[in-house]
Chemist: 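I have a structure I would like to understand better, so I am pasting it below and will then ask my questions one at a time.
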Amino acid sequence: MTQHVSPPRDNTGKAAPVDGPPAWRVQLGRADVRTLTLLGVLAALVLIGGITQPDSFLDTRNLQLVLTQASVIGVVTVGMTFVIVSGGIDLSVGAIVALASVWATTVATQEYGFAGILFTAVVVGVGCGLVNGVLIAFGQMVPFIATLAMLASARGLALQITDGRTQVVTVPSVLDLGERDAYVLGIPPLVLVFAAVTVVGWLVLNRTTFGRRTVAVGGNAEAARLAGIDVRRQRLYLYLLSGLCCGIAAFLLIVLAGSGQNTNGNLYELDAIAAAIIGGTLLTGGRGHIIGSVLGVLIFTTITNIFALNNLQSDVQQIAKGAIIVAAVLVQRRTASTH
């Protein structure tokens with residue numbers, strides 16, 4: 001016969017708390033382990049680059065280039081992380097970047113100078129995000145289908161605007177941002193923008209009601225609705241945020257390339273999703289980490305740079321990226337099954 005053992009009680013007769021670390025400390029510990037692991041992978045890649053190409057890889061200009069290239073896709077990834085945390089997906093980010101970049105570099109737009117280009121890029125990005133958000137939140141369309149439709153439409157419109165030609169930027173104030181004279185303490189302006197977006201994104205996701213609502217919607221949308229959260233409005237805001245990040249990224253790409261092309265942002269959606277996944281964001285929603293996503297972007301960008309410096313085939317590079325994604329997902333599944 002099994003003897004029932006009652007939980008220990010304090011002097012008031014109430015059950016005494018069970019010893020053990022608080023939940024927030026457990027979550028913080030997991031995040032620390034994940035962040036340290038990603039930092040270890042990044043450090044290993046830097047070591048490999050330093051060994052294989054010590055003169056080229058560790059050169060200051062090359063490291064600045066790596067950070068600059070990571071900035072564009074990094075800003076997109078911050079927006080993508082919010083969308084995935086909410087349980088959604090956005091396959092149109094690359095196409096939105098392309099459309100915003102070509103719309104902002106037409107001859108008519110460039111007549112308004114720096115402000116005109118920046119304003120147009122941001123407005124186009126937010127406008128596309130608004131369409132996605134309305135279709136998904138109020139049109140009850142599956143995010144995969146709605147954003148896939150936006151991908152096709154935005155790419156087609158970008159091609160129609162450019163007629164397949166590269167639109168060269170002629171505004172000096174925009175081009176000057178890409179010059180070394182504009183660097184602040186050796187840091188390119190694009191990297192500073194990326195850092196600012198990362199900090200704001202982290203604060204919003206981890207320290208605001210908006211971030212908590214995003215996590216709640218991704219964890220259980222019905223429970224979030226019963227708790228008083230306007231799920232539809234929250235999803236609309238998230239796709240607006242993703243579109244805003246795409247608009248900012250488009251402007252950064254214009255500065256970096258000095259032009260607008262309909263091929264800009266090719267496969268950005270896959271790179272952003274992959275970076276978020278290896279950073280610890282669950283595709284099923286309910287959990288995400290801005291810092292992890294940023295480290296994922298840096299890892300992928302570093303891999304690309306190392307392969308380019310060593311003149312290795314791009315197909316091997318894609319295989320390496322795929323292996324990293326699979327490993328990250330397996331680790332996520334193992335972690336989820338043990339907690």
Side-chain angles (χ1 to χ4, degrees), residues 67-80 83 90-134 147 149-179 182 188-198 200-201 239-269 271-272 297:
L67 291 175
T68 302
Q69 292 175 336
S71 298
V72 181
I73 183 63
V75 171
V76 174
T77 302
V78 170
M80 180 69 80
V83 171
D90 192 347
L91 300 179
S92 63
V93 291
I96 294 175
V97 169
L99 178 59
S101 69
V102 299
W103 207 323
T105 54
T106 61
V107 175
T109 303
Q110 292 194 51
E111 291 180 354
Y112 293 94
F114 182 100
I117 293 176
L118 175 59
F119 177 79
T120 302
V122 170
V123 167
V124 171
V126 172
C128 292
L130 176 63
V131 174
N132 281 336
V134 169
T147 57
M150 176 58 72
L151 183 156
S153 301
R155 283 288 178 194
L157 184 55
L159 178 60
Q160 186 178 51
I161 290 174
T162 62
D163 196 23
R165 300 186 180 91
T166 299
Q167 298 179 162
V168 178
V169 176
T170 59
V171 180
S173 56
V174 173
L175 298 175
D176 289 345
L177 285 178
E179 301 296 329
L190 274 65
V191 178
L192 295 176
V193 173
F194 176 33
V197 171
T198 299
V200 172
Y239 282 95
L240 284 172
L241 176 61
S242 179
L244 173 62
C245 289
C246 289
I248 296 173
F251 180 77
L252 298 183
L253 191 57
I254 291 170
V255 173
L256 182 62
S259 63
Q261 303 177 52
N262 66 284
T263 56
N264 283 342
N266 188 35
L267 297 181
Y268 272 19
E269 55 278 355
D271 288 342
V297 171

Chemist: Hey, is the main chain of Val168 close enough, under 3.5 Å, to the side chain of Gln110 for a donor-acceptor pair?
Modeler: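 Yes: the side chain of Gln110 pairs with the backbone of Val168.
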
Chemist: Report the C-alpha separation of Arg155 and Asn266 in whole Å, then their side-chain angles, then the decisive distance to 0.1 Å, and conclude whether the side-chain contact (heavy atoms from CB on, under 4.5 Å) test is met.
Modeler: CA-CA 10 Å; Arg155 283 288 178 194; Asn266 188 35; 4.3 Å; yes

Chemist: Report yes or no: does Ser71 contribute a side-chain atom to a donor-acceptor pair with the main-chain N or O of Leu67 at less than 3.5 Å?
Modeler: yes

Chemist: Output the distance between atom CD (Glu269) and atom CD1 (Ile73), rounded to the nearest 0.5 Å.
Modeler: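 Going from the CD atom of Glu269 to the CD1 atom of Ile73 covers 8.5 Å.
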
Chemist: Taking atom types as modelled, find out whether Asn132 and Ser92 have a side-chain donor-acceptor pair closer than 3.5 angstrom.
Modeler: yes

Chemist: Considering only residues two or more places apart or on different chains, which pairs with a residue in residues 156-169 satisfy salt bridge (charged side-chain N to carboxylate O under 4.0 Å, His left out)?
Modeler: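 Qualifying pairs, neighbours excluded: Asp163-Arg165.
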
Chemist: Any chance you could lay out the side-chain contact (heavy atoms from CB on, under 4.5 Å) test for Cys245 and Val75, step after step, and finish with the verdict?
Modeler: CA-CA 6 Å; Cys245 289; Val75 171; 4.0 Å; yes

Chemist: Can you give each donor-acceptor pair under 3.5 Å made by side-chain atoms of residues 249-265, sequence neighbours left out, with the distance rounded to 0.1 Å?
Modeler:
residue : atom : partner : partner atom : Å
Asn264  : ND2  : Ser101  : OG           : 3.1
Asn264  : ND2  : Gln261  : O            : 3.4

Chemist: Using 0.5 Å steps for rounding, measure from the OG1 atom of Thr68 to the CG atom of Leu190.
Modeler: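 Rounded to the nearest 0.5 Å, the OG1-CG separation comes out at 6.0 Å.
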
Chemist: Tyr239 and side-chain contact (heavy atoms from CB on, under 4.5 Å): which single residue from Leu244, Leu130, Thr147 fits?
Modeler: Thr147

Chemist: Using side-chain contact (heavy atoms from CB on, under 4.5 Å), reason through Thr170 and Val107 one step at a time and then give a plain yes or no.
Modeler: CA-CA 9 Å; Thr170 59; Val107 175; over 6 Å; no

Chemist: List the atom of Ala104, the atom of Thr109, and the distance in Å for their closest heavy-atom pair.
Modeler: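 What the structure gives for the nearest pair is O-CG2, 3.3 Å.
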
Chemist: Looking only at heavy atoms, which two atoms of Thr106 and Gln167 are closest? And how far apart?
Modeler: N-NE2, 3.6 Å

Chemist: For residues Ala100 and Ala121, report the shortest heavy-atom separation together with the two atoms involved.
Modeler: CB-O, 3.6 Å

Chemist: Once ring pair (Phe, Tyr, Trp, His ring centres under 6.0 Å) is applied, do any residues pair with Phe194, and if so which ones, sequence neighbours excluded?
Modeler: none

Chemist: Could you check if a side-chain atom of Asp271 sits within less than 4.5 angstrom of a side-chain atom of Val297, using non-hydrogen atoms only?
Modeler: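 Not touching, per the 4.5 Å side-chain cut-off.
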
Chemist: Can you tell me how far CG of Asp90 sits from SG of Cys128, rounded to the nearest 0.5 angstrom?
Modeler: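 So the gap between those two atoms works out to 10.0 Å.
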
Chemist: To the closest 0.5 Å, what do you measure between CG (Leu157) and CD1 (Ile96)?
Modeler: 12.0 Å

Chemist: Can you establish whether the number of heavy atoms outside Phe119 located under 6.0 Å from its atom CZ is more than 12?
Modeler: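 No, CZ of Phe119 has 12 or fewer neighbouring heavy atoms, counting only those of other groups under 6.0 Å.
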
Chemist: Working note: Leu177 + Phe114, criterion side-chain contact (heavy atoms from CB on, under 4.5 Å); need CA distance, chi angles, decisive distance, verdict.
Modeler: CA-CA 11 Å; Leu177 285 178; Phe114 182 100; 3.6 Å; yes

Chemist: Say whether, by atom type as modelled, one donor and one acceptor occur between the side chain of Thr120 and the main chain of Gly116 under 3.5 angstrom.
Modeler: yes

Chemist: Specify the closest pair of heavy atoms between Val76 and Tyr268, including all atoms of both residues, with the distance to one decimal.
Modeler: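 That closest heavy-atom pairing would be CG2-CD2, 4.3 Å.
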
